[in-house]
Number of protein chains: 2
Amino acid sequence: MAERISDAEHEIMEVLWQTAPLTATEVADRVAEAKGWSLQTVKTLLSRLAAKAVIGTERDGRRFLYSPLVERDTYLAGVSRKFVDRLFGGKVTPLVAHLAEADELSDDDIREIEELLRELKG
Amino acid sequence: MAERISDAEHEIMEVLWQTAPLTATEVADRVAEAKGWSLQTVKTLLSRLAAKAVIGTERDGRRFLYSPLVERDTYLAGVSRKFVDRLFGGKVTPLVAHLAEADELSDDDIREIEELLRELKG
DNA sequence: CACTATTGACTACATCTGTAGTTTCATCGA
DNA sequence: TCGATGAAACTACAGATGTAGTCAATAGTG
């Protein structure tokens with residue numbers, strides 16, 4: 001459980017989270033724009049994801065339709081948690097502090113986040 | 001440039017960021033508590049880090065002293081950026097939104113972050 | 001019906017990672 | 001001086017990852 005998804009595999013997942021089900025060729029077409037991988041590479045990645053039961057397959061004649069079995073939010077939650085645990089001792093505040101200090105936050109970002117937090121409380 | 005640091009290597013870096021320079025044995029002692037790696041494993045990791053020029057070595061008689069060549073903040077900045085780029089389209093707000101929705105943020109966290117943002121503006 | 005294009009299955013292979021074992025060389029104590 | 005010790009260097013090796021190639025079956029097309 002909580003199978004690891006590699007960077008390349010993640011790229012495939014993003015496509016499937018956006019639209020599913022898709023055939024291997026369709027997935028390949030969509031990632032080709034950004035990554036330029038061959039169809040074979042995409043098929044390998046789909047196989048590996050299916051082997052990990054992160055995506056499901058459904059026969060459609062002689063080909064397969066692939067769909068995510070894991071929701072994007074669930075995945076993000078796990079990855080974010082691991083990230084924050086590993087680099088910021090599990091605390092989110094230091095992460096935000098770090099991003100802020102590293103000038104990764106524009107004034108607009110700050111306003112947006114403040115707005116968001118206000119909603120959370122209200 | 002911007003050499004990749006693996007999870008295990010990162011563990012070593014944390015030790016060196018806390019105290020440096022240290023000998024291989026000293027590093028091994030400190031990670032042993034948490035990770036239980038053998039001295040050889042630690043030495044391998046130190047070699048790999050040195051090969052990547054992420055840490056520097058200084059001869060001290062028959063042994064070496066190791067020190068970070070990259071600052072923790074610099075490293076965190078790079079890794080955080082990559083993380084946010086890859087998973088949240090480079091925007092920090094969706095990350096915070098996600099953490100908030102995933103209940104990763106306690107009320108205290110929220111207060112802390114608000115405080116932090118206020119300081120940033122002020 | 002024969003041929004070609006498509007598709008999944010299987011195979012490949014270099015590199016990176018985690019986790020050491022083995023060898024060699026220098027040094028310190030008896 | 002000589003052997004035990006400790007440190008670095010070199011070697012190992014399985015599993016994950018990135019990136020395909022090849023093969024075999026099948027489904028349309030002329």
* Take the protein atom CG of Leu65(B) and the nucleotide atom C1' of dA8(D), then report the distance between them rounded to whole Å. => 13 Å
* Glu9(B) has an atom CD; how far is it from atom P of dA20(C), in whole Å? -> 15 Å
* Asked: Can we say Glu114(A) and Arg118(B) salt-bridge, meaning some charged N sits less than 4.0 Å from an Asp/Glu carboxylate O?
  -> no
* Partner of Glu9(B) under side-chain hydrogen bond (donor to acceptor under 3.5 Å, both in side chains), chosen from Arg4(B), Arg48(B), Lys52(B) -> Lys52(B)
* Asked: Under the 3.5 angstrom rule, does the side chain of Asp29(A) hit a backbone N or O of Glu26(A) as a donor-acceptor pair?
  -> no
* Asked: Taking NZ, NE, NH1 and NH2 as the nitrogens, is one of them in Arg63(B) or Asp60(B) under 4.0 Å from a carboxylate oxygen of the other?
  -> yes
* Asked: How long is the span from the CG atom in Leu49(A) to the CD atom in Glu3(A), to the nearest 0.5 Å?
  -> 10.5 Å
* Check whether any side-chain heavy atom of Pro21(A) lies under 4.5 Å from a side-chain heavy atom of Phe64(A), and answer yes or no. => no
* Asked: Does Arg63(B) or Gly61(A) map to a spot on DNA chain D nearer the 5' end, using the closest nucleotide for each?
  -> Arg63(B)
* **Contacting residues from residues 35-60 of chain A, given that a heavy atom lies under 4.0 angstrom of DNA chain D** => Trp37(A), Ser38(A), Gln40(A), Thr41(A), Thr44(A), Leu45(A), Arg48(A), Lys52(A)
* Whole angstrom is fine here: how far is it from CG in Asp7(A) over to P in dC16(C)? => 14 Å
* To do: Take the protein atom NE2 of His10(A) and the nucleotide atom C1' of dT17(D), then report the distance between them rounded to whole Å.
  => 16 Å
* Which residues, if any, of residues 19-28 of chain B bring a heavy atom under 4.0 Å of DNA chain D? -> Ala24(B), Thr25(B)
* Just how far is it from atom CG of Leu39(B) to atom OG1 of Thr25(B), taken to the nearest 0.5 Å? -> 5.0 Å
* Answer with yes or no whether Arg62(A) presents, from its side chain, a donor or acceptor under 3.5 Å of a partner atom in the base of dT6(C). => yes
* To do: Report the distance from atom CZ of Phe64(A) to atom C1' of dA25(D), rounded to the nearest whole Å.
  => 13 Å
* Between Asp107(B) and Arg111(B), is there a salt bridge with N-O shorter than 4.0 Å? -> no
